[in-house]
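First up is the structure itself, then whatever we jot down about it.
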Amino acid sequence: MAIPNKVNSICCIGAGYVGGPTMAVIAQKCPHIRVTVVDINADRIAAWNDGDLENLPVYEPGLAEVVGEARGRNLFFTTQVEKAIQEAEMIFISVNTPTKMYGIGKGKAADLKYVELCARQIAKCANGDKIVVEKSTLPVRTAESVKRILEAEESNHSFAILSNPEFLAEGTAVKDLHRPDRMLIGGEQTEEGRRAINALVEVYANWIPRERLLTTKVWSSELSKLTANAFLAQRVSSINAISALCEKTGADVDEVANAIGTDSRIGSKFLKSSVGFGGSCFQKDILNLVYLCHHFGLPEVAEYWEQVVKMNDYQKHRFAKQVIDTLFNTVSGKKITFLGWAFKKDTNDTRESAAIYVAHELLQDQAEIHVYDPKVKEEQIISDIEYLLKNPSGYASSALPENWRELVVVYREPVMALKRAHAIAVLTEWDEFAEYDWQSVYKEMYKPAFVFDGRNILDGEQMRQIGFEYKGIGKGE
Ligand code: UDX
Ligand code: ADP
């Protein structure tokens with residue numbers, strides 16, 4: 001046997017936000033390939049197999065339709081990891097790589113324990129030559145470590161490692177997968193490496209134009225993912241830095257963003273000022289880059305990128321502080337309604353959401369936090385607050401009041417969440433928030449009725465006309 005240059009069976013380890021949607025689209029577009037997604041989390045797999053497509057564990061517009069089309073045909077979800085590895089010619093590793101919270105590299109390096117476990121499991125049960133594809137975002141040169149683990153197990157099988165970073169954004173995952181700007185495939189420049197690259201190119205060529213399939217060296221591909229996320233996050237931090245200046249000087253950050261965005265060299269995307277970026281990638285990847293730079297003796301480069309994260313922390317803190325300052329220097333015992341908890345609209349993902357950090361800061365001042373998010377469940381919100389409490393980051397390190405749990409109330413619809421609030425804070429840009437009957441909301445609130453729009457989605461002028469004390473981000477008065 002040799003590394004195949006065309007495959008008919010794929011397995012993906014990890015049925016999360018990346019693995020689930022990516023495999024669903026591969027299965028949809030390649031009916032001739034059998035795609036099996038495995039996970040050790042039995043509940044997650046059960047949810048992917050749920051007869052009611054509303055109950056899929058990942059919410060993404062359009063995803064239920066794709067899963068509905070392919071599931072049971074050539075798309076399968078199972079907990080039988082070994083069997084799936086054995087049956088597949090190509091194995092994607094799509095497990096989580098959170099920031100390491102212990103030991104060397106704590107708070108910066110990526111925790112590769114899940115990836116390492118996968119590599120060991122593949123090595124242990126492989127029954128033939130396999131192509132192993134890194135889909136998780138990983139530090140540069142991880143492929144090398146994965147290969148060493150795979151080859152350490154004494155067997156007659158060969159493994160080719162590819163790096164195929166995912167650029168999909170949550171909330172638009174299906175659209176991004178259907179029409180990606182580009183698909184990066186990094187591989188070794190050897191005969192086997194080239195066969196493996198070709199096999200993956202043939203999978204994607206079923207629906208992606210070949211000129212968008214970029215093939216590179218493994219390390220270039222790994223580093224491109226970190227760099228792309230660092231550049232995107234840097235744009236958000238840059239416009240957020242300007243938002244602080246706008247508030248002091250009377251300029252309007254959306255006008256500034258629009259003005260600079262029309263310069264074709266700058267471009268208009270990722271210039272929306274906000275309460276701060278969140279999500280599982282931006283902060284993690286930049287910290288990863290920072291760690292790498294230190295490791296390779298480049299402290300100036302590390303410091304340059306670290307500033308992007310510091311500016312983001314500053315933005316979240318500035319927002320929380322503005323709420324407290326504006327509410328006469330204390331929010332103790334006041335009902336602050338959070339509209340939104342997810343890190344962006346159209347997803348139920350809350351990882352690193354700015355809402356968690358703002359909630360912590362307001363809870364420290366003993367606010368009552370009342371949350372409504374159309375897609376995030378109460379258990380998730382509580383576990384997010386608990387997680388930060390147990391794993392304090394530099395910015396949110398103080399303890400919460402002992403009774404914090406009583407101070408957090410979660411709603412399944414907005415009306416009661418908004419009633420008799422002292423202030424409303426918009427943390428996520430869900431479309432429905434702009435469509436509320438704000439006149440009625442105003443009537444039911446304590447006066448002065450404050451609105452802090454962390455996403456600039458409401459019409460400030462109209463809100464003021466109704467009677468609200470409205471504050472947007474970067475809206476100088
Ligand atoms: C990001 C990358 O975009 C994607 O390519 C990569 O694969 C994973 O990381 P994601 O985290 O899903 O995707 O969402 P993204 O749309 O990039 O938003 C990240 C955060 O930045 C969100 O909290 C969003 O609200 C915020 N953001 C984005 C802004 O505050 N302003 C903007 O202009 C854009
Ligand atoms: P991402 O956003 O990168 O997809 P998630 O946390 O949503 O991250 O998903 C990663 C998934 O990988 C989780 O469902 C987790 O249970 C699964 N996972 C982690 N390690 C393993 C493993 N060794 N075998 C199978 N599944 C794993």
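Indexing begins at 1, ligand by ligand and atom by atom, following the structure's order.
Below 3.5 Å of separation, one finds no N or O of Phe282 facing any N or O of ligand 1. Between Val38 and ligand 2, no N or O atom pair is found at a separation short of 3.5 Å. Considering backbone and side-chain N/O atoms, Phe343 comes within less than 3.5 Å of an N/O atom of ligand 1. Residue Ser280 has no N or O atom closer than 3.5 Å to an N or O atom of ligand 1.
Scanning the protein for heavy atoms near atom 30 (O) of ligand 1, the closest one is Ser274 OG, 2.6 Å. Looking only at protein heavy atoms, the nearest one to atom 18 (N) of ligand 2 is Val95 CG1, 3.6 Å. Atom 11 (C) of ligand 2 has as its closest protein heavy atom Asp39 OD2, 3.5 Å. The protein heavy atom nearest to atom 27 (N) of ligand 1 is Val236 CG2, 4.0 Å. Distance from atom 12 (O) of ligand 1 to its nearest protein heavy atom, with residue and atom name: Glu170 N, 2.7 Å. For atom 3 (O) of ligand 1, the nearest non-hydrogen atom of the protein is Leu232 CD1, 3.8 Å. Closest protein heavy atom to atom 21 (O) of ligand 1: Phe277 CB, 3.2 Å. The protein heavy-atom contact nearest to atom 22 (C) of ligand 2 is Ile40 CD1, 3.8 Å. Protein heavy atom closest to atom 7 (O) of ligand 2, with residue, atom name and distance, is Tyr17 N, 3.1 Å. Of all protein heavy atoms, the one lying nearest to atom 23 (N) of ligand 2 is Cys118 SG, 3.8 Å. When only non-hydrogen protein atoms are considered, atom 15 (P) of ligand 1 lies nearest to Lys344 NZ, 3.6 Å. When only non-hydrogen protein atoms are considered, atom 5 (P) of ligand 2 lies nearest to Arg44 NH1, 3.7 Å. Taking atom 25 (O) of ligand 1 as the reference point, the nearest protein heavy-atom neighbour is Arg455 NH1, 2.7 Å. Here the heavy atom of the protein found nearest to atom 8 (O) of ligand 2 is Arg351 NH1, 3.5 Å. If you check which protein heavy atom lies closest to atom 2 (C) of ligand 1, you get Asn229 OD1, 3.4 Å. For atom 24 (N) of ligand 2, the nearest non-hydrogen atom of the protein is Ile13 CG2, 3.4 Å.
The heavy atom nearest to atom 9 (O) of ligand 1, out of those in Ala342, Gly276, Cys281, is found in Cys281.
Taking a cut-off of under 4.0 Å to the non-hydrogen atoms of Asn41, the atoms of ligand 2 that pass are 16 (O). Of all atoms in ligand 1, numbered sequentially from 1 with element shown, those under 4.0 Å from a heavy atom of Gly278 are 19 (C), 20 (C), 22 (C), 23 (O). When each atom of ligand 1 is checked for a heavy atom of Lys272 under 4.0 Å away, the hits are 29 (C), 30 (O), 31 (N), 32 (C), 33 (O). Interface of Glu166 with ligand 1, defined as ligand atoms under 4.0 Å from a residue heavy atom, comprises 7 (O). Of all atoms in ligand 1, listed by their number and element, those nearer than 4.0 Å to a heavy atom of Lys225 are 7 (O). Set against the non-hydrogen atoms of Gly16, the atoms of ligand 2 under 4.0 Å away are 4 (O), 5 (P), 7 (O), 9 (O). Of all the atoms in ligand 1, the ones that sit under 4.0 Å from a non-hydrogen atom of Leu271 are 33 (O).
Side-chain contact annotation: Lys284 with Thr97, donor-acceptor N/O pair under 3.5 Å present. Between the side chains of Gln315 and Tyr357, no donor-acceptor pair of N or O atoms lies under 3.5 Å. Using a 3.5 Å distance cut-off with no hydrogens or angles, the side chains of Tyr17 and Asn348 do pair a donor with an acceptor. Judged by distance alone, the side chains of Trp341 and Asp384 do bring a donor and an acceptor atom under 3.5 Å apart.
The line from CD of Glu134 to SG of Cys118 is 11.5 Å long, rounded to the nearest 0.5 Å.
Note on ring orientation: taking the six-membered ring where Trp is involved, the planes of Phe231 and Trp305 are tilted (angle from 30° to 60°). Between Trp438 and Tyr436, the ring planes are tilted. Angles from 30° to 60° get that label. In this structure, Phe319 and Phe452 have perpendicular ring planes: the angle between them is above 60°, well past the 30° mark.
The closest donor-acceptor contact from the side chain of Glu352 to the backbone of Ser280 lies at 3.5 Å or more, if one exists at all. Of the possible polar contacts, one joining the Asn456 side chain to the Ile473 backbone as a donor-acceptor pair under 3.5 Å is found. Formation of a donor-acceptor pair under 3.5 Å by the Lys175 side chain with backbone atoms of Gly62 is not found in this model. Checking side-chain atoms of Arg455 against main-chain N and O of Val426 turns up no donor-acceptor pair under 3.5 Å.
A heavy-atom distance below 4.5 Å is not found between the side chains of Ile161 and Glu144. Residues Leu184 and Phe167 have side chains in contact (heavy-atom distance under 4.5 Å, counting atoms from C-beta outward).
Counted within 6.0 Å of CD on Glu432, heavy atoms from surrounding residues, nucleotides or ligands total more than 12; the atom is thus considered enclosed.
Heavy atoms of Lys269 come nearer than 4.0 angstrom to ligand 1 in no pair at all. Assignment of Glu352 to the shell around ligand 1 is not supported, since no heavy atom sits closer than 4.0 Å.
Phe77 does not carry Arg71 over the face of its six-membered ring by the limits of under 6.0 Å from the centre and within 45° of the normal. Stacking of Arg34 on the aromatic ring of Phe76 is recorded, both the 6.0 Å distance cut-off and the 45° axial limit being met.
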